[in-house]
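Please read the structure below before turning to the comments.
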Number of protein chains: 2
Amino acid sequence: MKNLLYTGKKIKKTKARTIILEEINKIKSHPTAYEMFEIVKQRLPRVSLGTVYRNLDILSEHGLVLKLKMNDAQMHYDGRTDEHYHIQCVKCGKTEDIPLEMLKDIDTAVRDKTSYRILYHTISFYGLCTGCAEEDVSGKGKKV
Amino acid sequence: MKNLLYTGKKIKKTKARTIILEEINKIKSHPTAYEMFEIVKQRLPRVSLGTVYRNLDILSEHGLVLKLKMNDAQMHYDGRTDEHYHIQCVKCGKTEDIPLEMLKDIDTAVRDKTSYRILYHTISFYGLCTGCAEEDVSGKGKKV
DNA sequence: TCATAATTAAGAATGATTCCTGTTTAAAGT
DNA sequence: ACTTTAAACAGGAATCATTCTTAATTATGA
Ligand SMILES: [Mn+2]
Ligand SMILES: [Mn+2]
Ligand SMILES: [Zn+2]
Ligand SMILES: [Zn+2]
């Protein structure tokens, strides 16, 4: 009963794992595995990208990190683990939390309309962040 | 003014493109590019996978097909082009339409709580289809 | 301290998608 | 119908995020 250090479930507390969890909890952004790799490298220079991928997966399986699929090529990870929704800027890719209460009733609504056993749902919003919306006005017609 | 054949926008009506659109409109499923490739090959045996990818993209840019990102590795395409939500079985990957009215009010709700210019949102449900839910009960503990 | 199962670094492999190149074709004008 | 030409095509190479393999290291619990 020594290693219930993260959750109460059996998970080894390694140097890489600890640093990854500490660092993702420091930031409010939603980094990709590669971005986490760059951050973690500063404290653990010999860490490998594979280790970052593997640990982010393990941590998300244990509910210590969320794994998000948005409309870009890479997965994003989130140290905030309570259910919440996200918005992504279609121009710069910045991903942020949405202060919208969980719509728990829609699972029930859908349950009544399908034969599926609903487990969860995701909602993602897409739009332009303030910075990108401004560029869009001033730079009309330009192709950046 | 001869080739406004699909949308009113300039798009060449080629053999591959026409068959792809016809075939995706025949089915109510949400095929991947490769699944469409297999279907199209039956009518156009020399078609290439690249052509299927390119045309599905072009058709979706023109609003004739929807391109969906669910929680599996491949993109899915949808011949039904009115906005609607989807559910995917977490076990077999089957993707189906949800008979839930569009939640247009949540875009407005989010607009008031963020600085983003909201363009659209996506909602996806995940769960077990009837077949997979049954297996889950009878085959408890088994690893298929 | 010791045994051992989990973890790691490094790099190879995978798989979906996109890109490249030389050839073919659809559409527009004659 | 004939010509022109930009768009589309097939085939295959390239890309890129992610996963896998392997031999060496390390955390844990006895
Ligand atoms: Mn978040
Ligand atoms: Mn659909
Ligand atoms: Zn932006
Ligand atoms: Zn199923």
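Just so it is clear, the model here is predicted, and its values are computed rather than measured. All chains are named by letter (A, B, ...) in the order of the sequence lines, taking the proteins before the strands, and each is independently numbered beginning at 1.
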B:Arg54 side chain to B:Thr51 side chain, donor-acceptor N/O pair below 3.5 angstrom:
yes
Please report the distance, rounded to the nearest Å, between CD1 in A:Ile19 and P in C:dA9.
10 Å
Write down the distance between NZ (A:Lys10) and C1' (C:dA5), rounded to a whole number of angstrom.
11 Å
Are side-chain heavy atoms of A:Arg17 and A:Ile58 found at a separation under 4.5 Å?
yes
A side-chain contact here means heavy atoms from C-beta on lying under 4.5 Å apart; do B:Ile106 and A:Phe125 qualify?
yes
Tested for side-chain contact (heavy atoms from CB on, under 4.5 Å) against A:Glu22, the lone hit among A:Thr18, A:Ile24, A:Asn25 is A:Thr18
Should the pair B:Tyr126 and A:Tyr120 be assigned to parallel (<30°), tilted (30 to 60°) or perpendicular (>60°) ring geometry?
parallel
Under 4.0 Å protein heavy-atom contacts per nucleotide of nucleotides 5-18 of chain D, with B for base, S for backbone only and - for none
-BBSBBS-----SB
